[in-house]
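All remarks here apply to the structure that follows.
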Amino acid sequence: MASELELSSTFIPSLYKPAALLPIARHRQNLLYLIETFSITIVIGHTGSGKTTQLPQYLDQAGWTTEGKIIGVTQPRRVAATTVATRVAEEMRCKVGEEVGYSIRFEDVTSAATRIKFLTDGMLLREALVDPLLSRYSVIMVDEAHERSLSTDVLLGVLKKIRNMRPELRIVISSATLQAEDFLRFFASGEAKNEHDGEVGGGVGRIISIEGRMYPVDILFLEKPAEDYVERAVKTVFDIHTREADGDILLFLTGREEIDNAIQKISEGAAIFHPKAQALLPLPLYAGLTNEQQLYVFEPAPENTRKVIVSTNIAEASVTIDGIVFVIDCGFAKLRAYNPNTGIETLTAVPISKASATQRAGRAGRTKPGKCFRLYTQHSYELLPETTTSEIQRSNLASVVLQLKALGIDNIVRFGFLTTPPAELVIRAFELLYSLGAVDDYAKLTKPLGVRMAELALEPMMGKALLSAPSFGCLSEVLSVAAMISLQGSVWILHEDDKKATENARRKFAVEEGDHLTYLNVYHAFTTKGKKDSKWCRDHSLNYQSLSRAVSIRTQLKRYLARYGIQADESVSSTMQQSDPSKLSESVRRCLTAGYFAHAAKMQPDGTFKTVNGGLTLHAHPSSLMFNRKADWVIFHEIQENRDKIFIRDVTRVEKNWLLEYAPEYYKVS
DNA sequence: GAGCACTGC
């Protein structure tokens, strides 16, 4: 420790502004006082205030890491956990994994010396399965809590429960201004009243605001509503380019199609109207791009060139780009919602919230004063909801219910959620879990099935299929299928200009029986013929990063199963060629049916599908093998409504009698 | 004939 102190007085960090200059430094004493005094501290501060990097260090220096206790800081995203850990380690002059570490899925970079640990909130929930009181932590800081992700909300509920049993635990919540009082009220509810009556939070906690290092952003609205916001956005890009000072532009649209469209229009316009002026460089940004493709937006523009980054919501919170001076906000975002009555997810563009609009505008003021052009009227803005509906109110909650059950929360209905999810969502989740055998008649987790399903990092239906695999003699295969399905569609690389290339590549691996066995084929080729080689992947339009991830996921799932005494015999059936391929294919499809019986459909003469009760018309997604193939009965992984059609994705042929065989209760009526 | 964003000892 002595040598460390000496070092820090001799050297000044060169990479970053000295920490003493950050806005948070002035609040150091007050922050430490509040955390010492109150169980809950809500910290309001923008990105750049230093709350994430400095506060854990203050706490460490103030003695919160003595006697083997550690400070945990959760993030909603993996990248944030790793980058912040790296930065704090630099400031503390240690290697990541020593005094400062991080823990995310597949990567635990911590050691016995670790005192400050950055981790995803999902990961902290995992830890709670083993250590229900999170007893190693003296302080837990939940960063970016205002984003209200599914796991943040579950974590907040769990922390509130833990606080009752561990009053010495300190909880710090980082929030945007708008929601700070909600967080405090949440933790204060159920507390006995005291002398602080009348004040939000009473004696439980306090809110502290730390001013961020932000530059002013001028907000401009349209006078009249725009008829076509993509067109209006492109026009605004050119207006900025010709009339405003230097600085890059960030344009928010809702999805890939709009983005490609806008980029084309910007390129065309730039070529015609401004042949000699400063050039415009339009760049797309959305999650579907590979990491490599995303990196372009971070590179400085060539000389005499203005970057125009055309992005989805990914640039609102997940990705931060320097040098943005102008933001154009279309006022919409695509949002996922789940209908508990039909079991169908929708993905539609909806108006954003005021909080979201503020966040978007803030992206313009990170390096100097900026401007935000909103492609809607001030009147429409006033009508927007304050905040976006939290995920827990619009998601399929099967996994959440399973997780809470595994954490020992028996009464889900009475569980203290920050926002109580609609009862229909909870009921629907229980119905599915019951039909899968994960919970019993008394809504208790079954042993060992339900307990294991909760532990596996898989959706309940896939978890059930995987745990059934040994009895079908296809564990090795279903492990691979489960890993590939976990990639959520990022198996293939989509070529913007050459759509046939992807199709041709798909055809090479196609298996008649459907998408799941095609995935198995791809996985097998990747780990044998492909030799886990990135060039081989590029040649076959496959996403190298995703497939490497599938290998990690498979390894992790296999390790879990091994702990249950379930061994995958890789030597006998690791290739489909070795045993009778058609028999193996049947086993895999039977096994999938045992997990996915609730996602079954029957093909109609016109090639569309009908749900089991006959109510809804479904279409095979064009990315599915079953898009132009014949089948009778199928099971599918995902069902989603886009615009006017309901699509099913990851579709595989099954037999009707398998449905009756593996889910007699579920199908007894029909 | 077509994909918002995240994540799991």
query = Going 5' to 3' along DNA chain B, which nucleotides are the first and last within contact of chain A (any atom under 4.0 Å from a heavy atom)?
reply = B/dG1 to B/dC9
inquiry  = For A/His621, give me all partners under side-chain hydrogen bond (donor to acceptor under 3.5 Å, both in side chains), at least two apart in sequence or on another chain.
reply    = A/Ser623
ask   = If we ignore angles and hydrogens, is there a donor and acceptor under 3.5 Å between the side chains of A/Lys610 and A/Thr617?
value = yes
ask   = Of A/Leu129 and A/Pro622, whose nearest nucleotide on DNA chain B comes first from the 5' end?
value = A/Pro622
ask   = Is A/Ser149 touching bases, backbone alone, or none of the nucleic acid, heavy atoms closer than 4.0 Å?
value = nothing
remark   = 5'-most contact on DNA chain B (nearest-nucleotide basis), A/Arg549 vs A/Asn313, goes to A/Asn313
task = Give A/Ala287 one of three labels, base, sugar-phosphate or nothing, depending on what nucleic acid heavy atoms sit under 4.0 Å from its own.
result = sugar-phosphate
task = Under 4.0 Å between any heavy atoms, over every strand shown, what does A/Gly489 touch: base, sugar-phosphate, or nothing? Just pick one.
result = base
inquiry  = Once you apply a heavy-atom cut-off of 4.0 Å, does A/Ser151 come out as touching a base, just sugar-phosphate, or nothing?
reply    = nothing
task = Classify the side-chain pair A/Ser490/A/Arg549 by whether it contains a donor and acceptor separated by less than 3.5 Å.
result = no
request  = Would you mind classifying the nucleic acid contact of A/Ile104 as base, sugar-phosphate or nothing, using non-hydrogen atoms under 4.0 angstrom?
outcome  = sugar-phosphate
Sugar-phosphate only, base, or nothing, as touched by A/Glu391 at under 4.0 Å among non-hydrogen atoms = base
task = For A/Arg336, answer base if it contacts any base atom (sugar-phosphate contacts may also be present), sugar-phosphate if it contacts only those atoms, and nothing otherwise; contact means non-hydrogen atoms under 4.0 Å.
result = base
task = Under the ring-ring contact (aromatic ring centres under 6.0 Å, His included) rule, collect the residues that match up with A/Tyr338, sequence neighbours excluded.
result = none
message = With salt bridge (Lys or Arg N to Asp or Glu O under 4.0 Å) as the rule and sequence neighbours excluded, what pairs involving residues 391-403 of chain A come up?
response = none
message = Taking any heavy-atom pair under 4.0 Å as a contact, classify A/Leu335: base, sugar-phosphate, or nothing.
response = nothing
ask   = In chain order, what residues pass the ring-ring contact (aromatic ring centres under 6.0 Å, His included) check against A/Phe373, with sequence neighbours excluded?
value = none
inquiry  = Base, sugar-phosphate or nothing for A/Gln640? Non-hydrogen atoms, less than 4.0 Å.
reply    = nothing
inquiry  = For a quick check of understanding: with a heavy-atom distance under 4.0 Å over all strands, which category does A/Glu257 fall into, base, sugar-phosphate or nothing?
reply    = nothing
message = Applying a 4.0 Å non-hydrogen cut-off, can you work out what A/Arg649 is touching in the nucleic acid: base, sugar-phosphate, or nothing?
response = base
query = Reckon A/Asn642 touches a base, only the sugar-phosphate, or nothing at all at heavy-atom distances under 4.0 Å?
reply = sugar-phosphate
query = Quick one: salt bridge (Lys or Arg N to Asp or Glu O under 4.0 Å) pairs with a partner in residues 551-567 of chain A, sequence neighbours left out?
reply = A/Glu455-A/Arg563, A/Arg554-A/Glu570, A/Lys558-A/Glu570
